[in-house]
Protein chains: 2
Amino acid sequence: MTDVPVYQKIKREMLARIQAGEWKPGEVIPGEQALSESFGCARVTVNRALRELAEQGLVERKRKAGTIVAQRHARAESFTITLVKDEVESRGSEYGYRLLDRRIEKPNASIAQRLNIGTAKKALHVRCLHFADGRPFQLEDRWINLDVVPKAKTEPFDVEGPNGWLVERVPYTDAEHVLSAVNATAEDADLLGIEAGDALFRIERRTWLQSGVVTTVSLSHPGRDFRLQSRST
Amino acid sequence: MTDVPVYQKIKREMLARIQAGEWKPGEVIPGEQALSESFGCARVTVNRALRELAEQGLVERKRKAGTIVAQRHARAESFTITLVKDEVESRGSEYGYRLLDRRIEKPNASIAQRLNIGTAKKALHVRCLHFADGRPFQLEDRWINLDVVPKAKTEPFDVEGPNGWLVERVPYTDAEHVLSAVNATAEDADLLGIEAGDALFRIERRTWLQSGVVTTVSLSHPGRDFRLQSRST
DNA sequence: CAGTGGTCTAGACCACACT
DNA sequence: GTGTGGTCTAGACCACTGA
């Protein structure tokens, strides 16, 4: 009963103080030193509690300035984005894959900008479909920067999607994700076996290796089959 | 240049080993004790590196069994879900609010289940609109459990939305979020000033205070105006 | 039962950012 | 300058869980 870790107790206590209005948004709260004394524990323990609250977006920390209660009531929620194959199989469905096209071509201005290369430069463009029990589950439209991943040049991607291939072979240091809802174009609908205009849940991802963009991809899922879920405490 | 924290260097090194195939998925990696010796640092430092990798979903840790490289290539991505008002204002737009209806009524079976109350029990049902520069930005459809939040019974919600009201007054211990893409119904479209069938980005949230459900809400945004973004390293 | 990770402590040094 | 958070260490105890 009482073997809840000390740093968690402290987190709860501090949460309670924030919610009780004892510590107001924008206000500086006592320093780690002072808190550790009042809680009767080591400073590192208070530090961990505060660090986790900061990760969750409830407080903001700055050296010298101290820790302040976050102005905006925002909490960071964590969603797990899995590889399609795992996602499909975790639902108990059979995974399927089909390559649509694979071309080395010049990207348009928008894609070139996303890849951070010139429009004169060619890149690898792959489009493919992922199935769950034979039903289209995800439409993948990907561009790969051949400067960063030259070995992709000779990879046919006919039996394995570029997603898994990249994950297993190319490391990345940074990632960006954008989630959105869009209406399916006629082409999207045709490929996904749905009606034009149906809602799509789209995940756009870009990954970097140091300062170079590795790949940028758009993953579209029929809205009725896809959702992202998170649960936090 | 070289003042990167040790635990981060260790994280990178371990990431590299995983990506190089030196440590394979499902395989047990050396224990913290052994690693700290080989890295020439304290065990706590290795512990922090591994804890963070586990939070990101790259490894799984079990007592006694040790640490294994995660089977599924999954990474947890963190998205920040802000209060509508802050979201609108952070875009430099003017925030507006309008209450649509507020009733104390019996929920249908689905909602009753979500609130974890019987269908005979009444709950507070609030629907309202949030605007950005006069344009509908979010349609909120909320149910509040009056057993847990009795003081909501007398709150009119005519000038402030229930979202902000709850955040400031009612603490919660657990939260669940579900993100999805749906097509707007005729009613949704009418209220949001869009066409029926247009894609909506929907956030469904449920919060608990200990074991009781505080509230469940559906937040719908016109797809063309809304996206969630994350950036991680 | 025994090994592994989870947590805690007391003390320390340092970088940063405000004054 | 100087105080605050960021990080690190060496050593310790404990809970969990697989063998």
Side-chain angles (χ1 to χ4, degrees), chain A residues 1-15 17-18 23-71 76 78 232-233, chain B residues 1-15 17-18 23-71 76 78 232-233:
Chain A
M1 188 70 188
T2 49
D3 63 341
V4 179
V6 177
Y7 76 93
Q8 283 194 17
K9 284 187 196 163
I10 294 178
K11 271 174 76 174
R12 286 187 198 173
E13 171 60 24
M14 296 197 284
L15 261 174
R17 289 190 192 174
I18 290 170
W23 289 348
K24 296 187 174 61
E27 222 175 74
V28 179
I29 68 174
E32 296 188 353
Q33 185 74 47
L35 286 171
S36 66
E37 281 164 21
S38 77
F39 283 123
C41 68
R43 186 170 78 94
V44 193
T45 307
V46 172
N47 178 274
R48 176 159 182 190
L50 283 170
R51 183 172 9 107
E52 295 196 358
L53 286 178
E55 276 166 10
Q56 289 172 38
L58 286 146
V59 300
E60 291 168 13
R61 321 197 70 194
K62 278 183 200 158
R63 289 176 147 118
K64 171 66 180 178
T67 300
I68 63 173
V69 178
Q71 299 275 1
S78 190
S232 67
T233 302
Chain B
M1 188 69 189
T2 48
D3 63 340
V4 179
V6 178
Y7 76 93
Q8 282 195 18
K9 283 188 197 162
I10 294 178
K11 271 174 77 174
R12 285 188 201 172
E13 170 61 24
M14 295 197 286
L15 260 175
R17 289 189 192 174
I18 290 170
W23 288 348
K24 296 187 174 60
E27 222 175 75
V28 179
I29 68 175
E32 295 188 354
Q33 185 72 49
L35 286 171
S36 66
E37 281 164 21
S38 76
F39 284 124
C41 69
R43 186 169 77 93
V44 193
T45 306
V46 172
N47 178 274
R48 177 161 181 189
L50 283 170
R51 181 169 15 103
E52 295 196 358
L53 286 178
E55 277 165 10
Q56 288 171 39
L58 285 145
V59 300
E60 290 168 13
R61 320 197 70 193
K62 277 183 200 157
R63 289 176 148 111
K64 170 67 179 177
T67 301
I68 64 174
V69 178
Q71 299 274 1
S78 190
S232 67
T233 301

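In the text below, chain A, chain B and the rest are named by the order of the sequence lines, each starting its count at 1. Quick caveat: nothing in here was measured; it's all calculated off a predicted structure.
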By nearest atom, which of the nucleotides [options] is closest to the [X] side chain?
X: B:E32; options: D:dT7, C:dC8, C:dG5; value: C:dG5
X: B:P5; options: D:dG5, D:dC16, D:dT7; value: D:dT7
X: B:V6; options: C:dC8, D:dC8, D:dG18; value: D:dC8
X: A:V44; options: C:dC8, D:dC8, C:dC18; value: D:dC8
X: A:R63; options: D:dG6, D:dC16, C:dC8; value: D:dG6
X: A:R43; options: D:dC8, D:dG6, D:dC16; value: D:dG6

Legend entry - Side-chain-base donor-acceptor pair under 3.5 Å for A:R48 and C:dG6: no
Legend entry - base_contact_polar (C:dT7 base, B:R51 side chain, donor-acceptor, <3.5 Å): no
Rounded to whole Å, how long is the line connecting atom [atom1] of [X] with atom [atom2] of [N]?
X: B:Q33; N: C:dA2; atom1: CD; atom2: C1'; answer: 15 Å
X: A:N47; N: D:dG5; atom1: CG; atom2: P; answer: 9 Å
X: A:K11; N: C:dC8; atom1: NZ; atom2: P; answer: 12 Å
X: A:E52; N: C:dT7; atom1: CD; atom2: C1'; answer: 12 Å

Determine the minimum heavy-atom distance between [X] and [Y], stating which atoms define it.
X: A:G57; Y: A:A70; value: O-CB, 3.4 Å
X: A:I18; Y: A:V59; value: CD1-CG1, 4.3 Å
X: B:V6; Y: B:C41; value: CG1-CB, 4.4 Å
X: B:Y7; Y: B:A49; value: O-CB, 3.5 Å

Inset, instruction - Once you apply the 3.5 Å cut-off to both distances, tell me the Watson-Crick or G-U wobble partner of D:dG18, or none. - result: C:dC1
Inset, instruction - Write out all pairs satisfying salt bridge (Lys or Arg N to Asp or Glu O under 4.0 Å) with one or both partners inside residues 25-45 of chain A, taking only residues at least two apart or from two chains. - result: A:E32-A:R43, A:E32-A:R61
Legend entry - Upstream residue (5' side of DNA chain C) when A:K64 and A:G40 are each assigned their closest nucleotide: A:G40
Inset, instruction - Assign each of A:Q8 and A:A65 to its nearest nucleotide of DNA chain C by heavy atoms, then name whichever residue's nucleotide is nearer the 5' end. - result: A:Q8
